[in-house]
Amino acid sequence: MAPGSHHLLSYRLLPVVLAAAVTLGACSQTAGLPALPGSAVTSARGVTASDSTSDTASSSNGGGNGSAGGGGAYDPNRVATLDMSVRVVNLFTPKGSTTGTAIEVWAGSSNNGGRRLQTVPYGQVSPYFAPAVQDPQGQGQTSSHMSYSLNFYAAGKTADSEVLFNQGEDSSPGQKLTMVIAPNEPTADGASAQIFADDVGSSPVAGGFTKLSVPPAPAGTAVLLLGAVAMEYRGADPTSPDSLTPSTVDGKCIQYIESDTGKVHDPKSDTTDLFGGTSSLPYVVQPGTQIRINLLKDQQSVTDSCADTPVLGPVDPKLTAGERAYGFIYGPDMKAAQLLVVPTG
């Protein structure tokens, strides 16, 4: 490390980012939901070093939301949709593979009348959708903080033992969440996940999502929260790239917003946080700026690393003033990595 320079490897998650453990087996809470034939899918701004154009495509189906209210005869297939929404970013790669695969999002078990809510291709993000819960009496949503659970499968898998991940949360009116599904450890089945809050809703739950994952942008700028959870254990090196920092094309470091103070980090500070592994940081980006991703070397200062040849980029995230977005790095390894830019919505 250069004299007088220090860096802090930050493995902590932002207060609103919850990294959950893999849970195999279906959740019985939403079993018995009628299945839907398909779902709409919208790609986000996926950009690579050679292609920084926006790519958006969508399709839809005629499935209804299945909600009901007012009470009535018992119907085990009746459901209620919650007054909130989630979307899923698919960065999942199966164990032993370097190629990603599509995933399906279900309420309940696929082998027990569960409802398929979304199918998400690899490297894309679903539209927002409302989670569903079982409502056999037809009473509609009965609680503003009702619990729900989602199951994630690799496309074409249906057995209860093949559930990649089960994620349960408490709803909040108006809440919007982004769920990132990523690879698990190399020797483990299933998947890993990170959850981000795009909107905390009108009645946040204490201990839950009470703060935006991407803070408001300073005047005239945009904020891009960068994360690389999908790159853990990627490539020949068994360690994850946990010492990453963004830079401009002229080799200058891009500053981030401190999670504890909400202020732009002082570049003259003795310590600087980095992103990578399970750590994400919100960076202040000037509109129209192309960004690069640099990997800090052993005993190297952060400012020196920003002037090095990048491991990804330059890419144009196409951000406008006031915009807030996520930037997820994914791929088989850092040499073939891509950046998926997802506006907060």
Side-chain angles (χ1 to χ4, degrees), residues 13-14 16-20 22 39-48 54-59 84-94 99-106 116-131 150-155 164-167 169 175-184 190-199 209 212-214 223-232 234 240 244 275-282 293 312 315 317-319 323-332 337-345:
L13 297 180
L14 295 178
V16 292
V17 181
L18 305 181
V22 173
S39 59
V41 175
T42 303
S43 65
R45 302 179 203 161
V47 293
T48 66
S54 175
D55 178 21
T56 302
S58 64
S59 61
M84 61 159 295
S85 56
V86 303
R87 60 180 175 178
V88 175
V89 178
N90 176 15
L91 306 181
F92 172 69
T93 303
T99 304
T101 186
I103 59 174
E104 294 179 351
V105 187
W106 288 74
R116 182 174 62 189
L117 301 175
Q118 296 288 322
T119 299
V120 192
Y122 177 68
Q124 294 193 25
V125 55
S126 77
Y128 286 106
F129 60 93
L150 298 174
N151 286 327
F152 299 87
Y153 296 83
L164 297 173
F165 197 87
N166 172 271
Q167 182 64 35
E169 300 288 348
Q175 184 183 70
K176 288 185 176 181
L177 302 180
T178 293
M179 298 185 175
V180 181
I181 306 302
N184 202 3
S192 64
Q194 282 189 325
I195 318 299
F196 299 88
D198 306 342
D199 191 327
F209 300 97
L212 296 175
S213 293
V214 185
V223 174
L224 180 66
L225 185 142
L226 289 171
V229 65
M231 300 307 298
E232 283 202 289
R234 298 290 90 189
S240 62
L244 298 171
F275 79 92
T278 58
S279 178
S280 303
L281 284 174
I293 304 298
L312 172 62
V315 296
K318 299 185 180 300
L319 301 175
E323 187 171 16
R324 300 181 301 121
Y326 304 99
F328 300 117
I329 299 174
Y330 71 102
Q338 302 182 64
L339 179 68
L340 181 68
V341 178
V342 181
T344 55

Show the nearest heavy-atom pair for residues [X] and [Y], with the distance to one decimal.
X    : Y    : value
L225 : V214 : CB-CG2, 3.9 Å
K318 : E323 : O-OE1, 3.9 Å
M231 : A337 : CE-CB, 4.4 Å
L117 : P131 : CD1-CA, 4.5 Å
A193 : I181 : CB-CD1, 3.9 Å
A325 : L319 : CB-CD2, 3.9 Å

Between D199 and Q175, is there a donor-acceptor pair closer than 3.5 Å when you use the side chain of the first and the backbone of the second? no
If we ignore hydrogens and angles and just use 3.5 Å, is the side chain of N90 paired with the main-chain N or O of T101 as donor and acceptor? yes
Residues that R87 engages under side chain to side chain donor-acceptor pair (under 3.5 Å), provided they are two or more places apart: Y128, T178, D198
Run the side chain to side chain donor-acceptor pair (under 3.5 Å) test against E104 and tell me which residues pass, sequence neighbours left out. W106, R116
Evaluate the side-chain proximity of [Y] to [X]: yes if any heavy-atom separation is below 4.5 Å, no if none is.
X    : Y    : result
L177 : M84  : yes
L244 : F275 : yes
E232 : T278 : yes
V125 : V120 : no
F129 : V105 : yes
R324 : S213 : no

Can you check side chain to side chain contact (heavy atoms under 4.5 Å, CB included) on F165 and I103, steps first, answer last? CA-CA 11 Å; F165 197 87; I103 59 174; over 6 Å; no
Identify, with sequence neighbours excluded, every residue that meets side-chain contact (heavy atoms from CB on, under 4.5 Å) alongside A230. L91, A182, P183, Y330
Side chain to side chain contact (heavy atoms under 4.5 Å, CB included) for I195 and Q167? Distances and angles first, verdict last. CA-CA 9 Å; I195 318 299; Q167 182 64 35; 4.0 Å; yes
Results of ring pair (Phe, Tyr, Trp, His ring centres under 6.0 Å) for Y326 - residues two or more places apart only: F196, F328
What do the steps show when you test L339 against L312 for side chain to side chain contact (heavy atoms under 4.5 Å, CB included), and what is the final call? CA-CA 8 Å; L339 179 68; L312 172 62; 4.3 Å; yes
Side chain to side chain contact (heavy atoms under 4.5 Å, CB included) evaluation trace for T93 with Y122: CA-CA 8 Å; T93 303; Y122 177 68; 4.0 Å; yes
Looking at Q118, E169, M179, K176, which hits side-chain contact (heavy atoms from CB on, under 4.5 Å) with V86? M179
